[in-house]
Structure formats: structure tokens, C-alpha cells
Amino acid sequence: MSFQNPVFIPGPTNMPESLRKACDMPTIDHRSPLFGQILHPARASVRTILKSDTAEIFIFPSSGTGGWETALTNTLSAGDTVLVARNGMFSHRWIDMCERHGLEVIVVDVAWGAGVPADRFEEILTGDTAHRIKAVLATHNETATGVRSDIGAVRRAMDAASHPAMLLVDGVSSIASMDFRFDDWGVDVAVTGSQKGFMLPAGLAIVGFSEKAMAATQTAQLPRTFFDVHDMAKGYANNAYPYTPAVGLMNGLNQACEMLLAEGLDNVFARHTRIAEGVRVAVRAWGLDLCAESPDLYSDTVSAIRTPEGFNATDIVTHAAKTYGVAFGVGLGDVAGKVFRIGHLGSLTDVMTLSGLATAEMCMVDLGLDIKLGSGVAAAQEFYRQGANASHKVAAE
Ligand SMILES: *Cc1c(COP(=O)(O)O)cnc(C)c1O
């Protein structure tokens, strides 16, 4: 693997030099006003990126998975019922965590490539007249299949059923790359991590809690220590943590938020859409299909690409690493061997993306797939040329 090439895995993502430097800082007293000058602006910026006025932001030394655990253990009790769809490996893992915590899980299994079925949720919630269901869990962007679900539609389904359940959303591979509307969608807990849209090393679980979720923490009985938001809030009131924070990463988070907000969230989202669309026109030119079933589900952060029947898609990933020093994502779980994934989120440009598409083409031709060298790249080049003026403008500002 060459350190000079960008990675095309859907997290950890490529790190801008400035953020690497921001994480590399001298030791400071992590119980001091100086630490507060890192902590409080980082929390405020994350709140802005979530598009919330009031969410309580907590940042744990952990990863996205710790964010899932924070969401569950602070708001629920053993035996509580939750409603969740399984449409890929990440939703599957969150379900597994619910089961291991002794929750009653109503799982709606859909195809790996489908989105969260808001209409099925509405039926189930409408039928739950006793309000046994305490929380609806939704994975905004299923990273295994490249499927973005409509969280606004999930909220509308809950409202249509007049159901008081909380809405817990995994935004690990969407937040800071694709539009996320904590307040508008009535999200109660949002979960993300540092190593995807925030362009940092792994090491932080970042969560937002609504007022309703904060109220639920008063009665939730699931055991929690490391991820207890009450302990965390007490620490924050004194510019501190209940334990030792990852100060360098938090400094990086602060800078990452500044970068994103300076570019402008709308510009960040438009850049991800444009880059993703370039990947999609390339996939079409190759004559291949995305795992996502329909265009409304296409993710702007990761594309899972189906390879022809009888071909092991994982060979592309292995070959790319060995031969060209480039990292792509393998298929996971039910779609292992059937798809390979191109991650296109975080610190990425049109031109970097073209290098990934060119590499994928070389691999597919090397491995005997019926694909013409340059076909996908040319299609993406045509597409990116049209958007070039817009991207120069962003860079110049
Ligand atoms: C990466 C990811 C996770 C897991 O996060 P870790 O930081 O690896 O613990 C969870 N959900 C989604 C959608 C992800 O993409």
C-alpha cells in the first residue's frame, strides 16, 4: 500500500494536512479553561453541523460503535421494545447490540439495497396502541450498501401514527457529508464518529441528544458507566471529562468543523453530490449496477457496485491493494463477494476521485471483466468538466 495514494474506503477517510497537524499538539491540562477553549467550541460547531439549536452534544473517546451504545444505554431499559430495519451490515450490527443489551427488537428485514421502509414503520407504529415501542432506530446511510434512507419520512411515519417513541439515528457515514436535519426531522439521538465526514483519525464518538432524549436519561435503566451522559455533562460544566479526554482529536474536531463551516455546509453537500454523481456515471459507463435499488436511495458518500454473477468482487479490492497500492471497500455480510465499494466522502476532489475510478478500471480489466479502459473515467471527466466552474469558485473563496 502506498501512503501517497488517497484511500477510497468509506472511512477512515483521507485527512487534510491541516487536520493531522491540529491533532498533533503538546500536552495541556485537560481540566482547565484552556481545554474548555477546545471543548466548548467543538460542541457548538457539531450542533451547527447537525442543524440543531438545542441538541446536547457529547463527545466520547471511542468510535461510532460507542455512539450507538451511548444512544441505547442512556435512553432505554432492559426489556424495552425498539423498532428497526435491517438493510445492511451496519443496521445489522446495531440490532445485534440492542439484543445483547436485553432489548426487545422488532426487526423489519428488507433487501440489502433497499432503504428504511417508512410505510411499514407507520403500520407497525399505528398498531402499537399500547406504545410498547420506546424507540425507532434508523441508519441514515447504510455504508455496506450505499443506501441513504429518508429520515424525514421516518419522522412523518411516526407523527402519522401519533406515536411517542424516540427517534435514534445512526449518521456515522452521513453527518458532515450529506444534509442532516436534527431539529427538522425531530431526531432524538444522532450518532457519528470522527473518521468519516469529519476527516479525522478514528477515536471519537460524537452524539447529539434532544430534550426528549435527555428526559429519558432520567429513567433509563440500562447499565452505563463510560458512556453515561450525566457524568459527561458534570465534567463539561468544569471544562473537563469524567476521565481523560482525547485532547488532540478534539482539537482536530474543532478545526474540522471550522473547515466545513468555512466551506459552507451547502457547498460541502453539493461537493459530495457532484463527486458521487461522477462515480455513478462511471459505474453506468462500465455497464455495472449499484447495490442501491433506486436513484432516490443513492448515497453521496459511498457507492457499492455489483459485479457480474460468478465474479468475486473482493478480488478487485485485494488486487487494487497489491498491485496499485489503492484501498477500496469490500462487500460485507450478505453482499460479501457481490459488491465492492468506493468511498467518496470527506477530504476529496473531483481529480482525486478520477484516480480511484482509473484504478478500479485497471483492476477490473486485469481480472478479466469486459470493461473498456477509460470508459468510466471519460464519463466522469465529462461530468466533472461541467461542474468545474462551480468547484473552482468554492476553492477560491
Ligand atoms: C463506520 C460506521 C459505523 C461504525 O463506526 P465505528 O467508528 O467503526 O465504530 C456505524 N454505522 C455506520 C453507518 C458506519 O458507517
Side-chain angles (χ1 to χ4, degrees), residues 1 3 5-16 19-20 22-23 46 49-50 59-70 87-94 97 139-149 169-180 190-207 246 249-250 252-253 255-257 259-260 268-269 271-273 275-276 279 291-292 298-305 314 317 320-321 326-333 335-336 339-349 352-353 356 360:
M1 193 63 56
F3 287 123
N5 293 327
V7 294
F8 295 96
I9 45 176
T13 60
N14 300 294
M15 284 184 274
L19 295 186
R20 286 180 55 196
C23 294
V46 167
I49 289 168
L50 291 181
I59 303 165
F60 294 89
S62 182
S63 75
T65 305
W68 282 344
E69 190 162 327
T70 303
N87 64 338
M89 200 62 191
F90 291 91
S91 41
H92 170 71
R93 285 190 189 147
W94 205 8
M97 181 184 277
T139 300
H140 184 204
N141 189 71
E142 180 41 87
T143 318
T145 57
V147 165
R148 168 174 36 188
S149 289
V169 181
D170 173 344
V172 180
S173 62
S174 59
I175 287 167
S177 308
M178 298 192 289
D179 197 14
F180 190 94
V191 175
T192 189
S194 50
Q195 79 276 24
K196 298 190 182 170
F198 289 105
M199 308 168 281
L200 295 165
L204 298 177
I206 303 163
V207 298
L249 278 173
M250 302 214 17
L253 178 62
Q255 302 270 320
C257 292
M259 265 179 78
L260 290 162
V268 171
F269 303 150
R271 173 167 54 83
H272 280 83
T273 301
I275 286 174
V279 172
C291 183
Y298 291 166
S299 164
D300 285 342
T301 60
V302 55
S303 294
I305 300 155
T314 302
V317 179
V326 170
F328 295 107
V330 295
L332 301 171
V335 291
V339 307
F340 74 103
R341 294 176 300 153
I342 300 181
H344 37 76
L345 74 163
S347 181
L348 208 63
T349 64
M352 288 161 83
T353 308

| request: Start with the C-alpha gap between Ser299 and Met178, add the side-chain angles, then the distance that decides, and say whether side chain to side chain contact (heavy atoms under 4.5 Å, CB included) holds. | output: CA-CA 9 Å; Ser299 164; Met178 298 192 289; 4.1 Å; yes
| task | Might you work through the side chain to side chain donor-acceptor pair (under 3.5 Å) test for Asn141 and Ser173, ending with a clear yes or no? | result | CA-CA 6 Å; Asn141 189 71; Ser173 62; 2.8 Å; yes
| query | Please walk me through it: do Leu348 and Asn14 pass side chain to side chain contact (heavy atoms under 4.5 Å, CB included)? | reply | CA-CA 7 Å; Leu348 208 63; Asn14 300 294; 3.7 Å; yes
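Scored by the side-chain contact (heavy atoms from CB on, under 4.5 Å) test, Pro12 finds Ile9, Gln195 as partners (sequence neighbours excluded). In this view, Trp68 and Asp170 satisfy the side chain to side chain donor-acceptor pair (under 3.5 Å) rule, not counting sequence neighbours. By the salt bridge (Lys or Arg N to Asp or Glu O under 4.0 Å) test, Arg341 is found to be paired with no residue, residues two or more places apart in sequence or in another chain being considered. Applying the side-chain contact (heavy atoms from CB on, under 4.5 Å) criterion to Val268, with sequence neighbours excluded, gives Leu260, Glu263, Arg271, His272. Residues that satisfy the side-chain contact (heavy atoms from CB on, under 4.5 Å) test with Cys257, not counting sequence neighbours, are Ser45, Val46, Ile49, Phe198, Leu253. For Phe180, the ring pair (Phe, Tyr, Trp, His ring centres under 6.0 Å) partners two or more places apart in sequence, or in a different chain, are His140, Trp185.
A donor-acceptor contact shorter than 3.5 Å links the side chain of Ser194 to the backbone of Leu204. In this structure a side-chain-to-backbone donor-acceptor pair under 3.5 Å is missing from Thr145 to Gly88.
Here the shortest heavy-atom pairing between His344 and Val279 reads CD2-CG2, 3.9 Å.
Between Arg148 and the options Thr139, Asp300, Thr301, Asp179, a side-chain hydrogen bond (donor to acceptor under 3.5 Å, both in side chains) holds for only Asp300.
Looking only at side-chain heavy atoms (C-beta outward), Pro201 and Leu249 come within less than 4.5 Å of each other. The closest side-chain heavy-atom distance from Met97 to Thr65 is below 4.5 Å.
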